[in-house]
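Presented below is the structure to which this report refers.
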Amino acid sequence: AQTVTQSQPEMSVQEAETVTLSCTYDTSESNYYLFWYKQPPSRQMILVIRQEAYKQQNATENRFSVNFQKAAKSFSLKISDSQLGDTAMYFCAFRPTSGAGSYQLTFGKGTKLSVIP
Amino acid sequence: GAGVSQTPSNKVTEKGKYVELRCDPISGHTALYWYRQSLGQGPEFLIYFQGTGAADDSGLPNDRFFAVRPEGSVSTLKIQRTERGDSAVYLCASSLTRDRDSYTFGSGTRLTVV
């Protein structure tokens with residue numbers, strides 16, 4: 001079984017500044033995906049960024065980037081040039097690439113991010 | 001449809017009543033998933049459908065919960081004898097079987113049991 005831990009229940013950042021959200025996970029799987037999802041008040045889970053565990057290069061999507069440390073089982077999200085629209089809950093999630101659980105996402109408890117004007 | 005549609009958006013019911021929550025997945029998506037998100041928690045897996053059949057229902061908490069997908073498209077999550085602890089947001093997602101990258105969530109149904 002996998003576990004995902006987000007140790008920061010709430011964070012805030014000034015508009016245009018940079019913020020980093022932390023995530024650690026535990027698994028015995030060798031191949032897996034890691035994700036960051038954003039959940040605004042509309043409740044829909046929106047994929048922000050995805051990292052494949054076999055890739056050493058950190059994923060980047062515009063203002064969003066990750067710091068993936070496989071040995072440490074750490075997967076942090078950095079948001080640069082924070083915008084008011086980034087205010088939301090952010091969830092870290094894990095999914096194996098193959099096997100019986102490859103369709104199932106395991107989520108952390110989330111971090112509530114507030115961007116302050 | 002263009003996205004995953006869930007109805008109703010909000011549902012308030014009395015303890016002991018029966019409720020049905022509906023999910024209309026993206027057209028052509030053969031895989032469908034239900035998750036439950038309790039207050040202050042991340043979503044937790046309930047059940048996975050591949051086509052019409054439930055491929056994995058190991059996340060259903062007890063036998064009061066049941067889900068169907070009779071024609072391989074729309075799915076209904078059914079909860080009997082609701083309890084206050086069932087209050088949560090119920091999220092549905094769908095994907096192409098061979099393309100998990102297409103995993104798309106709906107906006108959920110917020111169920112409140114009073």
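In this structure, A:Leu84 places its CG atom where more than 12 heavy-atom neighbours from other residues, nucleotides or ligands lie under 6.0 Å away. Heavy-atom contacts from other residues, nucleotides or ligands closer than 6.0 Å to CZ of B:Phe66 number 12 or fewer. At most 12 heavy atoms of other shown residues, nucleotides or ligands fall within 6.0 angstrom of atom CD in B:Glu44. With a 6.0 Å radius and a threshold of 12 heavy atoms from other residues, nucleotides or ligands, A:Lys109 has its NZ atom at or below the threshold. Other residues, nucleotides and ligands place more than 12 heavy atoms under 6.0 Å from the CG atom of B:Asn62.
When atom types are taken as modelled, the side chain of B:Tyr103 and the backbone of A:Tyr103 share a donor-acceptor pair closer than 3.5 angstrom.
Here the shortest heavy-atom pairing between B:Phe105 and A:Tyr37 reads CE1-CE2, 3.9 Å. In plain terms, the two heavy atoms of B:Ser9 and A:Arg43 that are nearest each other are O-NH2, 2.8 Å. A:Gln44 and B:Ser107 make their closest contact through CB-OG, 3.7 Å (heavy atoms, listed as atom of the first residue, atom of the second, distance). Contact detail for A:Phe107 and B:Tyr35: the closest heavy-atom pair is CE1-CE2, 4.0 Å.
Looking at A:Leu105, the atoms closer than 4.5 Å to chain B (heavy atoms on both sides) sit in the backbone and in the side chain alike. Proximity to chain B (any heavy atom under 4.5 Å) is shown, for A:Gln6, by neither the backbone nor the side chain. Interface remark: B:Thr109 contributes backbone atoms only to the contact with chain A (heavy atom separation under 4.5 Å). With a 4.5 angstrom heavy-atom cutoff, B:Gln37 touches chain A only via side-chain atoms.
Criterion: ILVMFWY side-chain heavy atoms under 4.5 Å apart, direct or through other members. Under it, B:Leu46 and B:Tyr48 are not part of a common hydrophobic cluster. A continuous path of Ile, Leu, Val, Met, Phe, Trp and Tyr side chains, each step under 4.5 Å between heavy atoms, connects B:Leu60 with B:Ile79, placing both in one hydrophobic cluster. Using a 4.5 Å cut-off between side-chain heavy atoms of Ile, Leu, Val, Met, Phe, Trp and Tyr, with links allowed through other members, A:Phe75 and A:Leu113 fall into the same hydrophobic cluster. A continuous path of hydrophobic side-chain contacts links A:Val4 to A:Trp36 [ILVMFWY only; heavy atoms under 4.5 Å]. When hydrophobic clusters are built by joining Ile, Leu, Val, Met, Phe, Trp and Tyr residues whose side-chain heavy atoms come closer than 4.5 Å, directly or via intermediates, B:Leu77 is not grouped with B:Val4.
The interface of residues 82-92 of chain B with chain A, defined by heavy-atom distances below 4.5 Å, comprises B:Val89, B:Leu91.
Chain A forms the most heavy-atom pairs under 4.5 Å with one residue out of B:Gly108, B:Gly59, B:Ala55, and that residue is B:Gly108.
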